[in-house]
Amino acid sequence: MLEQLERTLREGADRPAVLGCTRSGAVTVRARCGELADLARQYATALHHRYGLRPGDTLGVAVRPGPRAIAVLLAAHRLGLRAAVLDPAAGPDVLLARLALARPALVLADAAAQAVAGWARPLASRARLALPPLAELGPVATVGPRHPGCAPALTGSGRAGGGTPPPRYEGDGDAVIVFTSGTTSAPRAVVHTRAGLAAGLRAVDALVRPQAGAAVLGGTFFVLVPALAAGSSVALPARSARVLGRQVARLRPDETYLTPPQLREVRSFTGRVWTGSAPATAELLARVKRAGAREAWGVYALTELFPAAAVEESEKAGFDAGGDLLGHPLPGVRTRLTGDGELLLAGPAARDRYLGQRPDPWVRTGDRARLTADGRIVLAGRCKDMVLRRAENIYPSLYEPALHLPEVDLAVLVGVPAGDGDERLVALVQPRPGADHRRLRSDLQGPLERMGSARPDALLFAEVPLAGRSRKPDRAAAARLCARELSGR
(Lines give C-alpha, C1' and ligand atoms only; values in the text may rest on other atoms or scores of the structure.)
Protein backbone atom coordinates (compact mmCIF):
# COMPACT_ATOMS: atom_id res chain seq x y z
CA MET A 1 0.00 0.00 0.00
CA LEU A 2 2.80 2.45 0.82
CA GLU A 3 4.57 1.58 -2.42
CA GLN A 4 1.29 2.17 -4.27
CA LEU A 5 0.95 5.53 -2.50
CA GLU A 6 4.39 6.63 -3.72
CA ARG A 7 3.47 5.70 -7.32
CA THR A 8 0.16 7.57 -7.08
CA LEU A 9 1.89 10.67 -5.76
CA ARG A 10 4.44 10.67 -8.59
CA GLU A 11 1.86 10.04 -11.32
CA GLY A 12 -0.51 12.80 -10.17
CA ALA A 13 2.06 15.39 -9.17
CA ASP A 14 -0.20 18.42 -9.70
CA ARG A 15 -3.26 16.95 -7.96
CA PRO A 16 -4.15 18.25 -4.46
CA ALA A 17 -3.17 15.65 -1.85
CA VAL A 18 -3.61 17.15 1.63
CA LEU A 19 -6.27 19.80 2.22
CA GLY A 20 -6.90 22.20 5.06
CA CYS A 21 -9.47 24.91 5.65
CA THR A 22 -9.86 28.52 6.74
CA ARG A 23 -11.88 29.60 9.79
CA SER A 24 -14.87 29.94 7.48
CA GLY A 25 -14.44 26.31 6.34
CA ALA A 26 -13.19 27.21 2.87
CA VAL A 27 -10.94 24.51 1.38
CA THR A 28 -7.21 25.20 1.10
CA VAL A 29 -4.46 23.05 -0.45
CA ARG A 30 -1.70 22.24 2.04
CA ALA A 31 0.30 19.99 -0.29
CA ARG A 32 0.05 18.59 -3.79
CA CYS A 33 1.03 15.03 -4.64
CA GLY A 34 4.35 15.96 -6.19
CA GLU A 35 5.30 18.12 -3.20
CA LEU A 36 4.54 15.27 -0.83
CA ALA A 37 6.64 12.85 -2.88
CA ASP A 38 9.52 15.36 -3.00
CA LEU A 39 9.41 15.85 0.78
CA ALA A 40 9.51 12.11 1.41
CA ARG A 41 12.52 11.76 -0.92
CA GLN A 42 14.35 14.66 0.75
CA TYR A 43 13.76 13.27 4.22
CA ALA A 44 14.84 9.76 3.26
CA THR A 45 18.01 11.10 1.65
CA ALA A 46 18.92 13.21 4.69
CA LEU A 47 18.17 10.44 7.20
CA HIS A 48 20.33 8.01 5.25
CA HIS A 49 23.28 10.20 4.19
CA ARG A 50 23.48 12.93 6.84
CA TYR A 51 22.41 10.95 9.91
CA GLY A 52 23.45 7.44 8.88
CA LEU A 53 20.17 5.75 9.81
CA ARG A 54 19.87 2.15 8.67
CA PRO A 55 17.12 -0.54 8.64
CA GLY A 56 16.02 -1.39 12.16
CA ASP A 57 16.96 1.97 13.71
CA THR A 58 14.29 3.74 15.76
CA LEU A 59 13.14 7.19 14.66
CA GLY A 60 11.29 9.34 17.21
CA VAL A 61 8.59 11.48 15.55
CA ALA A 62 7.21 14.63 17.21
CA VAL A 63 5.64 16.25 14.15
CA ARG A 64 2.10 17.61 13.98
CA PRO A 65 -0.33 15.79 11.63
CA GLY A 66 0.02 17.10 8.10
CA PRO A 67 2.09 16.75 4.93
CA ARG A 68 5.45 16.73 6.75
CA ALA A 69 4.33 13.97 9.12
CA ILE A 70 3.16 11.86 6.17
CA ALA A 71 6.46 12.45 4.38
CA VAL A 72 8.43 11.45 7.49
CA LEU A 73 6.55 8.16 7.74
CA LEU A 74 7.04 7.45 4.02
CA ALA A 75 10.78 8.16 4.39
CA ALA A 76 11.00 5.89 7.43
CA HIS A 77 9.26 3.10 5.52
CA ARG A 78 11.59 3.49 2.53
CA LEU A 79 14.63 3.09 4.81
CA GLY A 80 13.23 0.22 6.91
CA LEU A 81 13.20 2.35 10.10
CA ARG A 82 10.70 1.91 12.88
CA ALA A 83 8.86 5.09 13.88
CA ALA A 84 8.07 5.79 17.53
CA VAL A 85 5.38 8.47 17.72
CA LEU A 86 5.89 10.98 20.54
CA ASP A 87 2.59 12.21 21.97
CA PRO A 88 2.97 15.63 23.64
CA ALA A 89 -0.33 15.02 25.42
CA ALA A 90 1.04 12.07 27.41
CA GLY A 91 3.01 14.21 29.85
CA PRO A 92 6.80 14.57 30.12
CA ASP A 93 7.39 11.94 32.82
CA VAL A 94 5.52 9.26 30.90
CA LEU A 95 7.19 10.24 27.63
CA LEU A 96 10.70 10.05 29.04
CA ALA A 97 10.02 6.57 30.40
CA ARG A 98 8.59 5.42 27.08
CA LEU A 99 11.46 6.70 25.00
CA ALA A 100 14.02 5.23 27.39
CA LEU A 101 12.50 1.89 26.37
CA ALA A 102 12.47 2.64 22.62
CA ARG A 103 15.89 4.40 22.50
CA PRO A 104 15.57 6.46 19.28
CA ALA A 105 18.65 6.98 17.14
CA LEU A 106 17.20 10.36 16.12
CA VAL A 107 14.18 12.47 17.09
CA LEU A 108 12.44 14.48 14.37
CA ALA A 109 10.43 17.41 15.70
CA ASP A 110 8.79 20.45 14.18
CA ALA A 111 9.25 23.91 15.66
CA ALA A 112 5.95 23.70 17.55
CA ALA A 113 6.96 20.50 19.35
CA GLN A 114 10.29 22.03 20.29
CA ALA A 115 8.52 25.12 21.60
CA VAL A 116 6.27 22.93 23.75
CA ALA A 117 9.43 21.33 25.14
CA GLY A 118 11.16 24.68 25.62
CA TRP A 119 10.25 28.35 25.79
CA ALA A 120 6.48 27.85 25.30
CA ARG A 121 6.13 25.18 27.99
CA PRO A 122 4.07 27.38 30.38
CA LEU A 123 1.69 28.36 27.57
CA ALA A 124 1.46 24.79 26.24
CA SER A 125 0.58 23.41 29.68
CA ARG A 126 -2.70 25.32 29.51
CA ALA A 127 -3.54 23.23 26.45
CA ARG A 128 -2.48 20.08 28.31
CA LEU A 129 0.57 19.59 26.10
CA ALA A 130 3.97 18.84 27.59
CA LEU A 131 7.25 17.45 26.28
CA PRO A 132 10.48 17.03 28.21
CA PRO A 133 13.60 18.68 26.75
CA LEU A 134 13.86 16.76 23.50
CA ALA A 135 17.63 16.46 23.70
CA GLU A 136 17.06 14.11 26.65
CA LEU A 137 15.40 11.70 24.21
CA GLY A 138 18.32 11.58 21.78
CA PRO A 139 19.79 13.61 18.89
CA VAL A 140 17.19 16.00 17.44
CA ALA A 141 16.62 17.41 13.93
CA THR A 142 14.01 19.97 12.90
CA VAL A 143 11.37 19.17 10.28
CA GLY A 144 9.91 22.19 8.52
CA PRO A 145 10.69 25.85 9.28
CA ARG A 146 13.40 26.22 11.89
CA HIS A 147 12.92 28.91 14.54
CA PRO A 148 15.63 30.37 16.82
CA GLY A 149 16.59 27.83 19.46
CA CYS A 150 15.49 24.84 17.38
CA ALA A 151 17.72 21.87 16.57
CA PRO A 152 19.52 21.80 13.17
CA ALA A 153 17.26 21.38 10.15
CA LEU A 154 16.84 17.85 8.80
CA THR A 155 17.37 18.82 5.14
CA GLY A 156 19.21 22.11 5.47
CA SER A 157 16.69 23.98 3.32
CA GLY A 158 13.14 23.77 2.01
CA ARG A 159 14.46 22.65 -1.38
CA ALA A 160 15.60 19.23 -2.43
CA GLY A 161 18.65 18.09 -0.52
CA GLY A 162 21.79 16.78 -2.14
CA GLY A 163 22.74 13.17 -2.46
CA THR A 164 21.27 10.17 -4.20
CA PRO A 165 18.00 8.86 -2.74
CA PRO A 166 18.75 5.71 -0.76
CA PRO A 167 17.73 2.29 -2.08
CA ARG A 168 14.33 1.05 -0.98
CA TYR A 169 14.37 -1.47 1.87
CA GLU A 170 12.44 -4.52 0.70
CA GLY A 171 12.49 -6.78 3.78
CA ASP A 172 10.17 -7.10 6.76
CA GLY A 173 10.90 -5.96 10.31
CA ASP A 174 9.45 -3.48 12.78
CA ALA A 175 7.56 -0.55 11.26
CA VAL A 176 6.04 1.41 14.11
CA ILE A 177 5.98 1.61 17.90
CA VAL A 178 2.82 2.88 19.57
CA PHE A 179 2.76 3.32 23.34
CA THR A 180 -0.40 2.30 25.16
CA SER A 181 -0.29 1.63 28.89
CA GLY A 182 1.98 0.37 31.66
CA THR A 183 3.64 2.57 34.27
CA THR A 184 6.47 5.08 34.20
CA SER A 185 8.76 2.32 35.43
CA ALA A 186 7.43 -0.29 32.97
CA PRO A 187 5.94 1.34 29.85
CA ARG A 188 4.01 -0.81 27.39
CA ALA A 189 4.50 -0.38 23.68
CA VAL A 190 2.81 -2.08 20.74
CA VAL A 191 5.11 -3.08 17.88
CA HIS A 192 3.70 -3.51 14.38
CA THR A 193 5.80 -5.06 11.65
CA ARG A 194 5.87 -3.84 8.06
CA ALA A 195 3.80 -6.86 7.01
CA GLY A 196 1.22 -6.28 9.76
CA LEU A 197 0.96 -2.59 8.96
CA ALA A 198 0.42 -3.40 5.28
CA ALA A 199 -2.31 -5.90 6.19
CA GLY A 200 -4.12 -3.26 8.25
CA LEU A 201 -3.97 -0.73 5.43
CA ARG A 202 -5.29 -3.33 2.97
CA ALA A 203 -8.16 -4.11 5.37
CA VAL A 204 -9.17 -0.45 5.49
CA ASP A 205 -8.94 -0.22 1.71
CA ALA A 206 -11.15 -3.30 1.26
CA LEU A 207 -13.70 -2.02 3.79
CA VAL A 208 -13.99 1.56 2.52
CA ARG A 209 -12.97 1.23 -1.14
CA PRO A 210 -11.87 4.88 -1.55
CA GLN A 211 -12.28 6.25 -5.07
CA ALA A 212 -9.95 8.36 -7.21
CA GLY A 213 -10.98 12.00 -7.26
CA ALA A 214 -13.06 11.72 -4.10
CA ALA A 215 -12.84 14.15 -1.19
CA VAL A 216 -12.06 12.45 2.12
CA LEU A 217 -12.11 13.99 5.61
CA GLY A 218 -9.90 12.31 8.21
CA GLY A 219 -6.55 12.63 9.91
CA THR A 220 -5.25 9.23 10.98
CA PHE A 221 -2.54 7.25 9.21
CA PHE A 222 -4.98 4.44 8.40
CA VAL A 223 -7.25 6.97 6.68
CA LEU A 224 -4.60 8.98 4.88
CA VAL A 225 -2.62 6.21 3.22
CA PRO A 226 -5.45 4.18 1.57
CA ALA A 227 -7.26 7.34 0.46
CA LEU A 228 -4.18 9.02 -1.01
CA ALA A 229 -3.07 5.75 -2.63
CA ALA A 230 -6.44 5.50 -4.36
CA GLY A 231 -6.12 9.04 -5.76
CA SER A 232 -8.40 10.81 -3.27
CA SER A 233 -7.67 14.19 -1.72
CA VAL A 234 -7.67 14.11 2.08
CA ALA A 235 -8.70 17.02 4.30
CA LEU A 236 -7.38 17.12 7.85
CA PRO A 237 -10.25 17.80 10.29
CA ALA A 238 -10.31 21.24 11.89
CA ARG A 239 -9.58 21.26 15.61
CA SER A 240 -12.33 23.72 16.47
CA ALA A 241 -15.80 22.16 16.64
CA ARG A 242 -17.36 25.25 15.06
CA VAL A 243 -14.85 25.32 12.18
CA LEU A 244 -15.20 21.54 11.71
CA GLY A 245 -18.91 21.95 11.04
CA ARG A 246 -18.20 24.64 8.47
CA GLN A 247 -15.46 22.49 6.92
CA VAL A 248 -17.81 19.54 6.41
CA ALA A 249 -20.46 21.83 4.90
CA ARG A 250 -18.01 23.40 2.42
CA LEU A 251 -16.01 20.26 1.53
CA ARG A 252 -19.01 17.88 1.24
CA PRO A 253 -16.71 14.83 1.57
CA ASP A 254 -17.50 11.47 0.01
CA GLU A 255 -15.98 9.72 3.05
CA THR A 256 -15.76 11.17 6.56
CA TYR A 257 -13.76 9.66 9.44
CA LEU A 258 -14.37 11.32 12.82
CA THR A 259 -14.49 10.18 16.44
CA PRO A 260 -17.88 10.14 18.23
CA PRO A 261 -17.08 13.36 20.15
CA GLN A 262 -16.30 15.07 16.84
CA LEU A 263 -19.46 13.72 15.20
CA ARG A 264 -21.64 15.21 17.93
CA GLU A 265 -20.42 18.68 16.94
CA VAL A 266 -21.40 18.41 13.25
CA ARG A 267 -24.95 19.13 12.09
CA SER A 268 -24.88 17.95 8.46
CA PHE A 269 -23.09 15.21 6.54
CA THR A 270 -22.64 13.89 3.02
CA GLY A 271 -21.54 10.51 1.65
CA ARG A 272 -20.49 7.80 4.07
CA VAL A 273 -19.41 8.44 7.65
CA TRP A 274 -17.05 6.21 9.67
CA THR A 275 -16.39 6.46 13.38
CA GLY A 276 -14.46 4.61 16.07
CA SER A 277 -11.96 5.05 18.93
CA ALA A 278 -14.93 5.38 21.31
CA PRO A 279 -18.37 3.75 21.63
CA ALA A 280 -20.58 4.58 18.65
CA THR A 281 -24.15 4.09 19.82
CA ALA A 282 -27.03 3.23 17.51
CA GLU A 283 -28.59 6.59 18.39
CA LEU A 284 -25.46 8.49 17.35
CA LEU A 285 -25.20 6.63 14.03
CA ALA A 286 -28.91 7.23 13.40
CA ARG A 287 -28.47 10.96 14.07
CA VAL A 288 -25.61 11.06 11.56
CA LYS A 289 -27.84 9.52 8.89
CA ARG A 290 -30.69 11.89 9.72
CA ALA A 291 -28.16 14.69 9.19
CA GLY A 292 -27.57 13.57 5.59
CA ALA A 293 -25.07 10.70 5.59
CA ARG A 294 -25.79 7.94 3.08
CA GLU A 295 -24.31 5.34 5.45
CA ALA A 296 -23.01 5.56 9.03
CA TRP A 297 -20.51 2.93 10.19
CA GLY A 298 -19.08 2.09 13.58
CA VAL A 299 -15.59 0.57 13.38
CA TYR A 300 -14.13 -1.51 16.21
CA ALA A 301 -10.36 -1.14 16.31
CA LEU A 302 -7.55 -1.29 18.80
CA THR A 303 -3.97 -0.03 18.81
CA GLU A 304 -3.04 -3.71 18.59
CA LEU A 305 -5.33 -4.53 15.64
CA PHE A 306 -6.81 -2.02 13.21
CA PRO A 307 -9.52 -2.53 12.02
CA ALA A 308 -11.22 -5.55 13.63
CA ALA A 309 -14.96 -5.30 12.94
CA ALA A 310 -17.50 -2.89 11.47
CA VAL A 311 -21.27 -2.42 11.57
CA GLU A 312 -23.62 -0.09 9.67
CA GLU A 313 -26.36 1.85 11.46
CA SER A 314 -29.24 -0.12 9.94
CA GLU A 315 -27.81 -3.42 11.22
CA LYS A 316 -27.04 -1.97 14.63
CA ALA A 317 -30.48 -0.42 14.98
CA GLY A 318 -32.14 -3.74 14.17
CA PHE A 319 -30.21 -5.63 16.88
CA ASP A 320 -32.32 -6.03 20.01
CA ALA A 321 -30.58 -8.87 21.85
CA GLY A 322 -28.76 -6.65 24.35
CA GLY A 323 -25.17 -5.44 24.40
CA ASP A 324 -23.29 -3.32 21.90
CA LEU A 325 -23.23 -4.91 18.45
CA LEU A 326 -19.88 -4.44 16.69
CA GLY A 327 -20.73 -6.52 13.63
CA HIS A 328 -18.86 -9.33 11.91
CA PRO A 329 -15.10 -9.57 12.22
CA LEU A 330 -13.42 -8.28 9.08
CA PRO A 331 -11.88 -10.85 6.70
CA GLY A 332 -8.89 -12.57 8.25
CA VAL A 333 -9.76 -11.55 11.85
CA ARG A 334 -10.23 -14.50 14.21
CA THR A 335 -12.11 -14.34 17.51
CA ARG A 336 -11.97 -16.29 20.76
CA LEU A 337 -13.40 -15.85 24.25
CA THR A 338 -11.60 -16.60 27.49
CA GLY A 339 -13.31 -18.41 30.36
CA ASP A 340 -14.41 -15.12 31.91
CA GLY A 341 -15.69 -13.74 28.60
CA GLU A 342 -12.80 -11.53 27.49
CA LEU A 343 -12.59 -11.09 23.72
CA LEU A 344 -9.35 -12.19 22.07
CA LEU A 345 -8.50 -11.30 18.48
CA ALA A 346 -5.92 -12.46 15.95
CA GLY A 347 -5.24 -11.75 12.30
CA PRO A 348 -2.70 -10.54 9.74
CA ALA A 349 -3.01 -6.93 10.92
CA ALA A 350 -2.48 -7.73 14.61
CA ARG A 351 0.54 -6.33 16.42
CA ASP A 352 3.57 -8.57 16.40
CA ARG A 353 4.38 -8.14 20.10
CA TYR A 354 4.80 -5.70 22.93
CA LEU A 355 8.24 -4.11 23.00
CA GLY A 356 10.59 -6.26 25.02
CA GLN A 357 8.27 -9.29 24.92
CA ARG A 358 7.92 -12.35 22.71
CA PRO A 359 5.47 -12.40 19.78
CA ASP A 360 1.94 -13.53 20.59
CA PRO A 361 -0.70 -14.04 17.88
CA TRP A 362 -3.67 -13.35 20.20
CA VAL A 363 -4.54 -9.81 21.30
CA ARG A 364 -6.30 -9.41 24.64
CA THR A 365 -8.84 -6.65 24.03
CA GLY A 366 -9.77 -6.05 27.66
CA ASP A 367 -13.43 -6.10 26.54
CA ARG A 368 -16.04 -8.58 27.67
CA ALA A 369 -18.06 -9.91 24.78
CA ARG A 370 -20.20 -12.70 23.38
CA LEU A 371 -20.41 -14.11 19.87
CA THR A 372 -23.74 -14.59 18.12
CA ALA A 373 -24.59 -17.77 16.26
CA ASP A 374 -23.54 -16.15 12.98
CA GLY A 375 -20.21 -14.95 14.43
CA ARG A 376 -20.97 -11.30 15.13
CA ILE A 377 -19.26 -9.61 18.10
CA VAL A 378 -21.40 -8.13 20.88
CA LEU A 379 -19.64 -6.16 23.61
CA ALA A 380 -20.77 -6.39 27.23
CA GLY A 381 -18.40 -3.85 28.83
CA ARG A 382 -14.71 -3.40 29.63
CA CYS A 383 -12.79 -5.65 31.96
CA LYS A 384 -9.48 -3.81 32.00
CA ASP A 385 -8.43 -0.83 34.07
CA MET A 386 -8.91 1.95 31.56
CA VAL A 387 -10.91 5.15 31.30
CA LEU A 388 -12.25 6.27 27.93
CA ARG A 389 -12.68 10.03 27.69
CA ARG A 390 -13.33 11.93 24.47
CA ALA A 391 -12.06 9.01 22.35
CA GLU A 392 -8.79 8.81 24.32
CA ASN A 393 -7.73 5.74 26.31
CA ILE A 394 -6.37 6.79 29.70
CA TYR A 395 -4.58 4.22 31.84
CA PRO A 396 -4.69 5.24 35.53
CA SER A 397 -1.57 3.29 36.47
CA LEU A 398 0.48 5.67 34.30
CA TYR A 399 -0.49 8.72 36.34
CA GLU A 400 -1.59 7.67 39.83
CA PRO A 401 1.97 7.50 41.27
CA ALA A 402 2.36 11.26 40.69
CA LEU A 403 -0.58 11.93 43.04
CA HIS A 404 1.04 10.25 46.03
CA LEU A 405 2.54 13.31 47.71
CA PRO A 406 3.76 13.14 51.33
CA GLU A 407 0.36 14.37 52.60
CA VAL A 408 -1.57 11.74 50.57
CA ASP A 409 -2.43 8.31 51.98
CA LEU A 410 -3.96 6.90 48.79
CA ALA A 411 -5.08 8.18 45.39
CA VAL A 412 -6.84 6.65 42.39
CA LEU A 413 -8.09 7.83 39.01
CA VAL A 414 -11.53 6.53 38.03
CA GLY A 415 -14.02 7.05 35.25
CA VAL A 416 -17.53 8.33 35.92
CA PRO A 417 -20.19 7.97 33.18
CA ALA A 418 -20.79 11.24 31.37
CA GLY A 419 -23.42 10.08 28.89
CA ASP A 420 -23.42 8.46 25.43
CA GLY A 421 -20.51 6.14 26.24
CA ASP A 422 -18.13 8.87 27.39
CA GLU A 423 -16.58 9.21 30.84
CA ARG A 424 -15.29 11.94 33.12
CA LEU A 425 -11.92 11.32 34.73
CA VAL A 426 -11.87 11.96 38.48
CA ALA A 427 -8.92 11.96 40.88
CA LEU A 428 -10.04 10.62 44.25
CA VAL A 429 -7.43 11.52 46.86
CA GLN A 430 -7.38 10.35 50.47
CA PRO A 431 -5.38 12.90 52.51
CA ARG A 432 -3.33 11.86 55.52
CA PRO A 433 -5.03 12.59 58.86
CA GLY A 434 -4.46 16.20 59.82
CA ALA A 435 -3.40 17.31 56.33
CA ASP A 436 -4.26 20.85 55.29
CA HIS A 437 -6.72 20.27 52.43
CA ARG A 438 -6.31 23.73 50.95
CA ARG A 439 -2.52 23.44 50.82
CA LEU A 440 -2.71 19.87 49.50
CA ARG A 441 -5.03 20.94 46.69
CA SER A 442 -2.50 23.61 45.76
CA ASP A 443 0.42 21.14 45.94
CA LEU A 444 -1.41 18.73 43.63
CA GLN A 445 -1.71 21.29 40.82
CA GLY A 446 1.85 20.61 39.64
CA PRO A 447 1.42 16.82 39.23
CA LEU A 448 -2.00 17.38 37.65
CA GLU A 449 -0.59 19.77 35.05
CA ARG A 450 2.17 17.30 34.14
CA MET A 451 -0.50 14.73 33.20
CA GLY A 452 -1.11 16.56 29.92
CA SER A 453 -4.32 15.42 28.24
CA ALA A 454 -4.92 12.89 31.06
CA ARG A 455 -5.51 15.68 33.58
CA PRO A 456 -8.66 14.82 35.58
CA ASP A 457 -11.91 16.70 35.14
CA ALA A 458 -12.38 16.82 38.90
CA LEU A 459 -10.34 16.41 42.10
CA LEU A 460 -12.15 15.01 45.15
CA PHE A 461 -10.91 14.45 48.70
CA ALA A 462 -12.40 11.40 50.43
CA GLU A 463 -11.48 8.00 51.82
CA VAL A 464 -10.72 5.58 48.98
CA PRO A 465 -12.84 2.40 49.24
CA LEU A 466 -10.89 -0.85 49.64
CA ALA A 467 -11.85 -4.44 48.86
CA GLY A 468 -10.65 -8.01 49.39
CA ARG A 469 -8.18 -9.50 51.82
CA SER A 470 -5.37 -7.55 50.14
CA ARG A 471 -7.28 -4.29 50.82
CA LYS A 472 -6.64 -2.98 47.34
CA PRO A 473 -8.54 0.07 46.06
CA ASP A 474 -12.04 -0.87 44.96
CA ARG A 475 -12.24 1.08 41.72
CA ALA A 476 -15.90 0.30 41.06
CA ALA A 477 -16.87 1.56 44.53
CA ALA A 478 -14.59 4.59 44.09
CA ALA A 479 -16.29 5.42 40.79
CA ARG A 480 -19.73 5.17 42.44
CA LEU A 481 -18.56 7.43 45.28
CA CYS A 482 -17.26 10.02 42.81
CA ALA A 483 -20.48 9.87 40.79
CA ARG A 484 -22.54 10.56 43.92
CA GLU A 485 -20.28 13.44 44.94
CA LEU A 486 -20.39 15.06 41.53
CA SER A 487 -24.14 14.66 41.11
CA GLY A 488 -24.61 16.21 44.55
CA ARG A 489 -22.72 19.27 43.41
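- Between Leu428 and Val464, the closest heavy-atom pair is O-CG2, 3.9 Å.
- When atom types are taken as modelled, the side chain of Gln4 and the backbone of Pro226 share no donor-acceptor pair closer than 3.5 angstrom.
- Among residues at least two apart or in separate chains, salt bridge (Lys or Arg N to Asp or Glu O under 4.0 Å) pairs with a member in residues 62-72 are Arg64-Asp110.
- A donor-acceptor contact shorter than 3.5 Å links the side chain of Arg272 to the backbone of Val208.
- Using a 4.5 Å heavy-atom cutoff, the side chains of Arg267 and Arg287 are in contact.
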Inset, instruction - Given side-chain contact (heavy atoms from CB on, under 4.5 Å), test Leu217 with Leu244 step by step and report yes or no. - result: CA-CA 10 Å; Leu217 178 68; Leu244 177 61; 4.3 Å; yes
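- Here Asp409 pairs with Arg432 under the side-chain hydrogen bond (donor to acceptor under 3.5 Å, both in side chains) rule; sequence neighbours left out.
- Under the 3.5 Å distance criterion, the side-chain polar atoms of Asp457 are left unmatched by any main-chain donor or acceptor of Val426.
- Nearest approach of Pro359 to Arg353, heavy atoms of both residues: CA-CB, 3.7 Å.
- The aromatic rings of Trp274 and Trp297 sit parallel, their planes meeting at an angle under 30°, below the 60° perpendicular limit.
- Taking the side chain as every heavy atom from C-beta outward, Val85 and Val178 never approach each other to under 4.5 Å.
- Taking 4.5 Å as the limit, some side-chain heavy atom of His77 sits within range of a side-chain heavy atom of Glu3.
- In terms of heavy-atom proximity, Gly200 sits nearest to Phe222 at C-CE2, 3.7 Å.
- Going from atom CG of Leu344 over to atom CG of Asp367 covers 11.0 Å, rounded to the nearest 0.5 Å.
- No more than 12 heavy atoms of other residues, nucleotides or ligands shown are found within 6.0 angstrom of CZ on Arg242.
- Using a 4.5 Å heavy-atom cutoff, the side chains of Leu285 and Thr275 are in contact.
- Atom CZ of Arg455 is separated from atom CG of Leu413 by 12.5 Å, given to the nearest 0.5 angstrom.
- A donor-acceptor pair under 3.5 Å is formed between the side chain of Ser232 and the backbone N or O of Gln211.
- For the pair Phe221 and Leu73, the minimum side-chain heavy-atom distance is below 4.5 Å.
- Annotation: side chain of Leu405 is not in contact with side chain of Glu407 (no heavy-atom distance under 4.5 Å).
- In this structure, the separation between CG on Leu201 and CE on Met1 is 6.0 Å, given to the nearest 0.5 Å.
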Inset, instruction - Start with the C-alpha gap between Tyr257 and Val216, add the side-chain angles, then the distance that decides, and say whether side-chain contact (heavy atoms from CB on, under 4.5 Å) holds. - result: CA-CA 8 Å; Tyr257 303 75; Val216 175; 3.6 Å; yes
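- Residues meeting the side-chain hydrogen bond (donor to acceptor under 3.5 Å, both in side chains) test with Ser314, sequence neighbours left out: Glu312.
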Inset, instruction - Please lay out, stage by stage, how Val408 and Leu440 fare under the test side-chain contact (heavy atoms from CB on, under 4.5 Å). - result: CA-CA 8 Å; Val408 173; Leu440 178 57; 3.8 Å; yes
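- Across all their heavy atoms, Glu423 and Leu388 have their closest contact at OE1-N, 2.9 Å.
- From Asp324, atom CG reaches atom OG1 of Thr281 across 8.5 Å, with rounding to the nearest 0.5 Å.
- Asp374 is linked by a salt bridge (charged side-chain N to carboxylate O under 4.0 Å, His left out) to Arg376, counting only residues two or more places apart in sequence or in another chain.
- Proximity of Leu251 to Thr256: side-chain heavy atoms (C-beta onward) are nowhere separated by under 4.5 Å.
- Although no hydrogens or angles enter the test, the distance criterion places no donor-acceptor pair under 3.5 Å between the side chain of Glu304 and the main chain of Val363.
- Of all non-hydrogen atoms in Tyr169 and Gly80, the two that sit nearest each other are CD2-CA, 3.5 Å.
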Inset, instruction - Walk me through it: do Gln262 and Val248 pass the test side-chain contact (heavy atoms from CB on, under 4.5 Å)? - result: CA-CA 11 Å; Gln262 290 173 311; Val248 173; over 6 Å; no
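- Note: Leu330 CG to Tyr300 OH = 12.0 Å, rounded to the nearest 0.5 Å.
- With sequence neighbours excluded, no residue forms a ring-ring contact (aromatic ring centres under 6.0 Å, His included) with His404.
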Would you list the atom pairs, donor with acceptor, under 3.5 Å between side chains in residues 331-338 and any protein atom, with sequence neighbours excluded?
from   : atom 1 : to     : atom 2 : distance (Å)
Thr338 : OG1    : Asp340 : OD1    : 2.4
Thr338 : OG1    : Glu342 : N      : 2.9

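- Of all heavy-atom pairs spanning Pro260 and Gly276, the tightest one is CD-O, 3.1 Å.
- For the atom pair CZ (Arg358) and CG (Asp352), the distance works out to 11.0 Å, reported to the nearest 0.5 Å.
- Summarising the local packing, CD of Gln357 is surrounded by more than 12 heavy atoms from other residues, nucleotides or ligands at distances under 6.0 Å.
- Residues Tyr354 and Asp360 form no side-chain contact, since every pair of their non-hydrogen atoms from C-beta on lies 4.5 Å or further apart.
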